[in-house]
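Model, not experiment: these values are computed from the prediction.
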Amino acid sequence: MKLVVGFAGLALFGLIAASVWATSHISIVPAIESLLTQPAAGTNPWFVATLIDTYFAFLWFWLWVAYKERSLVSKLVWLVLILGLGNMAMAAYVLIQVWTLPRAARIEDLLLRRP
């Protein structure tokens, strides 16, 4: 379980640091505007393929979240967070799940829905 917490923490803080660094160079809004106004940047086949791949990965992760969460509202909130924040939301979800487990929990307790 320590490995899961370590990786999720590293992912969360690493992504936050990368986002802060990137924002210090160019804000997200002008970056998106630039991408939309420069057709060559958005039509690069590898950019498009990577974006599609990323969002399918987000949806695969969200399927696990939807399995674990009981309320429709919670499922939808996590869907919006995962699609909007990506791996930052995913790492936060894993950390929240681990923090709510009992001390003697096994990996199955993390992965499977609680009764």
Side-chain angles (χ1 to χ4, degrees):
M1 203 65 67
K2 289 180 183 180
L3 181 63
V4 172
V5 171
F7 183 76
L10 178 67
L12 179 60
F13 293 112
L15 288 162
I16 289 171
S19 296
V20 168
W21 171 80
T23 302
S24 73
H25 287 50
I26 182 171
S27 175
I28 189 71
V29 174
I32 292 171
E33 287 173 350
S34 173
L35 182 63
L36 295 174
T37 59
Q38 295 176 10
T43 57
N44 178 313
W46 283 108
F47 172 80
V48 173
T50 300
L51 195 60
I52 291 169
D53 179 51
T54 298
Y55 276 89
F56 271 116
F58 293 167
L59 291 171
W60 276 115
F61 183 87
W62 179 77
L63 287 174
W64 173 63
V65 171
Y67 158 76
K68 295 255 315 165
E69 296 298 317
R70 299 215 178 262
S71 81
L72 179 61
V73 171
S74 181
K75 291 175 187 191
L76 293 176
V77 166
W78 278 108
L79 176 62
V80 169
L81 290 171
I82 290 167
L83 293 178
L85 298 173
N87 285 300
M88 285 186 273
M90 293 162 59
Y93 184 83
V94 170
L95 289 172
I96 291 167
Q97 292 299 301
V98 170
W99 285 331
T100 61
L101 289 173
R103 290 201 115 201
R106 302 167 309 182
I107 194 72
E108 293 88 359
D109 300 318
L110 170 66
L111 297 175
L112 300 175
R113 182 185 296 158
R114 295 185 196 140

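- Contacts of Leu10 classified as side-chain contact (heavy atoms from CB on, under 4.5 Å), with partners at least two apart in sequence or in another chain: none.
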Could you pull out every donor-acceptor pair under 3.5 Å between side chains of residues 13-23 and any protein atom, sequence neighbours left out?
{"unit_1": "Ser19", "atom_1": "OG", "unit_2": "Leu15", "atom_2": "O", "d": "2.9"}
{"unit_1": "Thr23", "atom_1": "OG1", "unit_2": "Ser19", "atom_2": "O", "d": "2.7"}

- Message: Would Leu59 and Ile82 count as a side chain to side chain contact (heavy atoms under 4.5 Å, CB included) here? Give the steps.
- Response: CA-CA 8 Å; Leu59 291 171; Ile82 290 167; over 6 Å; no
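- Within the structure, the salt bridge (charged side-chain N to carboxylate O under 4.0 Å, His left out) test picks out the following pairs touching residues 99-108 (sequence neighbours left out): Arg106-Glu108, Arg106-Asp109.
- One hydrophobic cluster, built from ILVMFWY side chains closer than 4.5 Å, cannot hold both Leu3 and Leu101; they sit in different ones.
- Residues Ala8 and Ala91 share a closest heavy-atom pair of O-CB, 3.3 Å.
- A search for side-chain hydrogen bond (donor to acceptor under 3.5 Å, both in side chains) contacts involving Ser27 returns nothing, not counting sequence neighbours.
- Under the 4.5 Å side-chain heavy-atom criterion for ILVMFWY residues, a single connected hydrophobic cluster contains both Ile52 and Phe61.
- Side-chain contact between Gln97 and Val94 is absent, with no heavy-atom pair separated by less than 4.5 Å.
- Partners of Val80 under the side-chain contact (heavy atoms from CB on, under 4.5 Å) rule, at least two apart in sequence or in another chain, do not exist in this structure.
- Sorted by first then second residue, the ring pair (Phe, Tyr, Trp, His ring centres under 6.0 Å) pairs that include residues 85-115, not counting sequence neighbours, are Trp64-Tyr93, Trp78-Tyr93.
- Shown here for Leu95 and Val5, the closest heavy-atom pair between the two residues is CD2-O, 3.8 Å.
- When the ring-ring contact (aromatic ring centres under 6.0 Å, His included) test is applied to Phe58, the partners found at least two apart in sequence or on another chain are Tyr55.
- Between Lys75 and Trp62 the shortest side-chain heavy-atom distance falls below 4.5 Å.
- Here the CG-CG distance, from Leu79 to Leu63, works out to 9.5 Å after rounding to the nearest 0.5 Å.
- In the hydrophobic clustering, where aliphatic and aromatic side chains (Ile, Leu, Val, Met, Phe, Trp, Tyr) are joined below 4.5 Å either directly or transitively, Leu76 groups with Leu72.
- By the side-chain contact (heavy atoms from CB on, under 4.5 Å) test, Phe7 is found to be paired with no residue, residues two or more places apart in sequence or in another chain being considered.
- Remark: Pro102 pairs with Ala105 by the side-chain contact (heavy atoms from CB on, under 4.5 Å) rule, at least two apart or across chains.
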